[in-house]
Amino acid sequence: MERYNPSSIEKKWQQQWEADGLYRSRVDWDRPKHYAVTMLPYPSGDLHIGHWYSMTPPDAHARYMRMKGFNVLFPMGFDAFGLPAENAAVQRNIHPAIWTAANVERMQTQLRSMGCMFDWEREINSSDPSYYKWSQWFFQKFFEGGKAYRGSAVVNWSPSLQTVLANEQVIDGKDERNGQPVEQRRMEQWFYSITDYADELLSYDGIDWPSSIEAVQRNWIGRSEGAEVVFKTESGDEIEVFTTRPDTLWGATFMVLAPEHDLVGSVTTADHAADVEAYVEATKGRSELERMENEEKSGIFTGGFAINPVNGAKVPIWIADYVLMGYGTGAIMAVPAHDGRDFEFARAFDLDVVPVIEPPEGLVAGDEMQDAYVGPGTMVNSGPLDGTPVTEEKGRKNPSVAAAIDFVEAAGTGKEAINYRLRDWLISRQRYWGGPVPMLYRKDGTVDLVPAETLPVVLPEDVEFLPSGRSPLTYNEEFLATEDAEGEPARRETDTLDTFMCSSWYQYRYLSPGFGAAPFDPEEAAYWLPVDDYTGGAEHGTMHLLYTRFFTKAMRDLGMFEDTKEIMDAHGRDTEGIFDEPMLRLKNQGQILGAERGGDTLLIEGALEGSVFKARSVSVVGASDQGDGDIRGELMGRTENILRVGHDGQVVTVEVPEDAVVDIPAIHGPNDVSQLRHHLEVERMSKSRGNVVNPDELVEAFGADVVRTHLMFAFDWTKGGPWDPSSINGSQRFIDDVWKLGRAEYVSSGGTADRGLLRQVHQTIAKVEHDMDEFSFNTALAALMTLRNAMATVLRDGSVSSSVWSTAIETMLLLLAPIAPHVTEELWSLAGRQESIHLATYPVSNTELAADDEISLIIQVNGKVRDKIMVSAGISSEEAEAVALSSEKVEDWVEGKTVRKVIVVPGRLVNIVVG
RNA sequence: GCCGGGGUGGCGGAAUGGUAGACGCGACGGACUCAAAAUCCGUUGUCCUUAGGACGUGAGGGUUCGAGUCCCUCUCCCGGUACCA
């Protein structure tokens with residue numbers, strides 16, 4: 001028998017499938033459709049094991065759906081705009097387009113080696129003018145439809161990236177990509193009105209998304225119920241504040257404005273102007289990060305006062321940077337007695353603290369409070385509302401909040417309000433490598449659309465990149481000079497679109513990537529939409545996954561699905577709510593992490609010089625080897641020639657000068673510090689950590705089928721985990737065994753085990769089918785391995801008839817085909833089949849054949865297993881009870897005791913309760 | 001702090017309230033081999049020397065005939081988010 005040789009088999013079939021057009025997906029209204037999308041990669045240059053992990057299991061699921069009779073569309077593309085390409089251009093003087101194209105080409109080859117059923121005729125590339133033309137078209141339609149606008153706002157500016165960023169791209173005051181701090185600046189930018197959809201985005205009706213993503217998005221949208229209240233100032237201004245606790249209005253003893261607040265100037269009195277100006281200036285220079293790291297409250301008095309609308313009290317107006325311009329109205333009423341931040345501020349600046357909620361344990365005077373009180377109680381010092389109970393409920397559900405809202409509404413000084421943490425989506429970027437915002441500025445300063453018939457606004461290719469990173473569009477006169485619709489000279493917008501905008505609608509471009517009349521062909525859309533299964537990483541929860549939901553809803557409201565809907569109606573599809581959400585089901589995969597690895601054990605000689613230990617010699621020894629040295633321990637980490645060595649329970653820093661001797665017995669020839677192996681934690685893979693797993697090497701060593709199988713078997717797909725280099729052996733053995741079973745000359749010695757093997761075959765079908773539906777690949781493979789074990793035994797003893805053997809082999813191949821497409825195709829073909837196994841019909845589990853005729857009846861005494869007896873599967877409860885009570889083993893446990901109760905679980909167990 | 005998710009053998013992981021640890025890795029013993037690899041057979045939660053039994057799913061309590069699974073309290077880990085008024 002020839003040995004299993006994946007390298008020849010896999011290449012052969014990949015070419016064959018391509019030649020046969022096996023993966024072309026065409027509209028066919030006579031067949032049910034299944035549209036599966038997996039998040040498209042950024043063309044960074046090399047395919048990572050994470051790409052395999054995120055793509056091959058969904059591919060197996062898509063293949064499974066096709067064998068189940070669905071017409072499946074499973075496309076692939078590239079999210080090709082973005083900063084890395086531009087940085088490469090600045091650093092290495094390669095044009096982003098060239099850099100990107102080269103990476104795309106390389107990754108296409110690598111993607112093909114996975115053996116996925118991608119329909120390459122539908123490939124998209126977001127940096128292609130034929131694609132971004134439509135991104136620009138969407139922008140213009142959104143603008144015309146009132147869902148995109150240019151506005152001034154305090155935004156996140158990244159000095160290192162030389163661009164603004166969306167709120168979603170800033171975490172802990174740092175840019176989410178490269179971790180550099182961002183600043184707050186007031187700037188004119190382009191926005192999408194995602195906040196108009198805040199409430200609708202909070203609903204997940206009709207879609208099946210992980211609860212964790214729902215939670216993350218709910219959190220991000222941050223809906224809070226409360227009231228807006230207006231405070232009049234002595235200078236005649238009105239300061240609007242949002243509060244979730246209008247029931248504490250009577251305790252508002254001062255107000256605080258954000259330093260960027262519009263009214264700062266007019267409420268500030270002349271004698272305080274200089275101080276205020278200095279403070280505002282000082283906070284401006286501080287990055288968001290610095291603001292947060294500074295735990296002490298800072299602020300300054302404006303000299304101005306406002307009138308508390310509920311009790312007429314005169315309250316001082318302060319400015320402090322703990323009040324954020326980006327949330328609510330950028331101004332707050334401060335209730336130090338019942339808000340921790342306000343309390344801290346009041347104590348720092350010696351402001352009044354007036355409690356207005358009496359806790360159950362009694363009122364503490366404001367001067368004596370140690371902390372703000374935020375619990376339930378009763379309203380006091382609150383005039384007409386005294387005595388109203390305060391609960392821990394939010395919004396109107398809390399009687400005190402409800403009473404306070406009613407009170408301010410009646411008085412005309414406020415109204416019920418809902419506030420969101422979500423900001424409008426900032427989509428303009430001051431960078432080159434993106435789709436140009438298709439707008440222009442007329443001479444008179446007004447903004448207009450670039451005439452639609454001239455789209456796309458093409459990125460000029462002949463540009464010069466400056467080391468500053470400043471966008472070449474801003475100094476490219478050829479690009480800048482243009483004309484408006486009337487032929488008058490105008491200047492182009494130089495901002496480009498956020499790449500997240502490009503990826504907000506790509507699931508629609510896949511449907512007809514070459515379509516010229518619209519972003520997508522309604523004939524295709526009517527059949528394929530919506531996306532049935534979407535897969536990708538959970539880290540996109542507040543970004544891409546939120547944006548794409550918004551985008552689809554906005555498209556719906558702008559009537560962009562009307563043509564599609566008409567065709568759907570004509571075909572009798574139910575279109576109710578069908579364009580409310582882009583993706584019906586979402587599955588998030590986990591992440592593959594680097595494996596933990598011990599570092600070399602080092603023996604170091606040298607001397608302490610100042611605070612560092614300077615080494616004369618460093619040698620690698622066995623962990624149990626004896627030997628004398630000044631320092632002995634595991635190498636925990638290394639930066640250049642500085643080692644961190646575990647020694648006597650602590651970590652010692654060792655410097656290895658160039659003239660020190662490094663000896664690594666395992667590596668012949670001259671050794672240096674860079675060859676030492678340091679300890680690796682379980683953590684994300686990255687080149688700098690040296691813990692990356694290269695999928696190309698794995699494919700080389702094991703074949704794509706084994707790599708695919710292993711990625712699906714070794715982890716719970718939704719969780720991921722550390723990569724264990726040795727466990728892939730099990731998947732290799734499995735595929736090798738399937739090969740052997742498929743190639744074996746089976747010699748039957750009778751059919752004694754026919755019934756048993758057939759039962760197992762049909763039980764396996766049911767199990768695998770169920771697990772594939774749920775993306776539970778690891779348990780599906782466990783079931784297939786169990787069948788493999790049974791078949792290996794049968795192959796040795798010949799205990800089934802030849803026809804049953806054939807059925808078992810055939811079923812094994814069919815069930816495994818979506819997971820390991822090449823080896824199953826090869827065996828299918830070698831068995832004389834003319835048509836591809838991937839076009840075959842999925843096996844159907846026969847309930848009768850799958851039924852057990854004997855079961856192991858579990859017999860418990862007081863809930864503990866005491867005996868197991870094989871009985872007929874159809875045993876009645878009475879019989880089961882009789883069998884249990886007559887068990888000898890049970891007798892020992894029941895003897896001398898009274899049987900109080902007998903519980904029978906039909907077909908499973910009998911529990912005898914004695915006492 | 002708040003919101004998710006989780007804690008099960010040496011490891012990855014299985015278990016509609018009903019035999020805990022399926023399946024696999026690793027390890028150990030054996031066969032084959034001059035030898036090694038590969039392959040094959042067997043063992044493998046802990047403890048009691050065994051038949052057999054006791055214990056065992058982060059800790060403690062509860063519900064139940066029966067709890068890894070449901071409820072309460074606590075604890076630790078991972079992820080998200082945070083001066084959000």
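Sequence lines set the chain letters: A, B, ... in the order given, protein chains first and strands last, and positions in each chain run from 1. Remember, predicted model here, so these are calculated numbers, not experimental data.
- One P atom belongs to B/G9, the other to B/U69, and the distance between them is 15 Å to the nearest Å.
- Within 4.0 Å (heavy atoms only), A/D342 reaches no atom of the nucleic acid at all.
- Separation of the P atoms belonging to B/G42 and B/G79 is 42 Å when rounded to the nearest angstrom.
- Under the 6.0 Å cut-off for aromatic ring centres, A/W723 and A/H710 qualify, their centroids lying closer than that.
- One P atom belongs to B/G13, the other to B/C78, and the distance between them is 16 Å to the nearest Å.
- Computed from coordinates, the A/L422 CG to B/C84 P distance equals 17 Å when rounded to whole Å.
- With ring centers used as reference points, A/F254 lies 6.0 Å or more from A/F349.
- Atom CE of A/M785 and atom P of B/C25 are 7 Å apart (whole Å).
- When the P atom of B/A22 is taken as reference, atom CG of A/N778 falls 14 Å away, rounded to whole Å.
- Taking the P atom of each, B/U8 and B/G12 are spaced 8 Å apart, rounded to whole Å.
- To the nearest angstrom, C1' of B/C83 lies 16 Å from CZ of A/F343.
- Where RNA chain B pairs in unbroken runs of 3 or more (Watson-Crick or G-U, both distances under 3.5 Å), the stems are B:1-7 with B:75-81, B:10-12 with B:23-25, B:26-31 with B:39-44, B:45-48 with B:52-55, B:58-62 with B:70-74.
- Within the nucleic acid shown, A/N911 comes within 4.0 Å of at least one base atom, counting heavy atoms only.
- Sequence order on RNA chain B of the closest nucleotides to A/K868 and A/T542 puts A/K868 first from the 5' end.
- The P atoms of B/U57 and B/C70 are separated by 15 Å, rounded to the nearest whole Å.
- Within the nucleic acid shown, A/Q860 comes within 4.0 Å of at least one base atom, counting heavy atoms only.
- Annotation: B/G21 and B/G68 have their C1' atoms spaced 11 Å apart (nearest Å).
- Separation of the P atoms belonging to B/A51 and B/G61 is 32 Å when rounded to the nearest angstrom.
- For A/W318 and A/F345, the ring centers sit closer than 6.0 Å to each other.
- Its glycosidic angle being more than 90° from 0, B/G60 falls on the anti side.
- Among the heavy atoms of the strands lying under 4.0 Å from A/R788 are primed sugar atoms or P, OP1, OP2 only; no base atom is included.
- One C1' atom belongs to B/G5, the other to B/A85, and the distance between them is 29 Å to the nearest Å.
- The residue A/G720 sits close only to the backbone: its heavy atoms come under 4.0 Å of sugar-phosphate atoms, none of a base.
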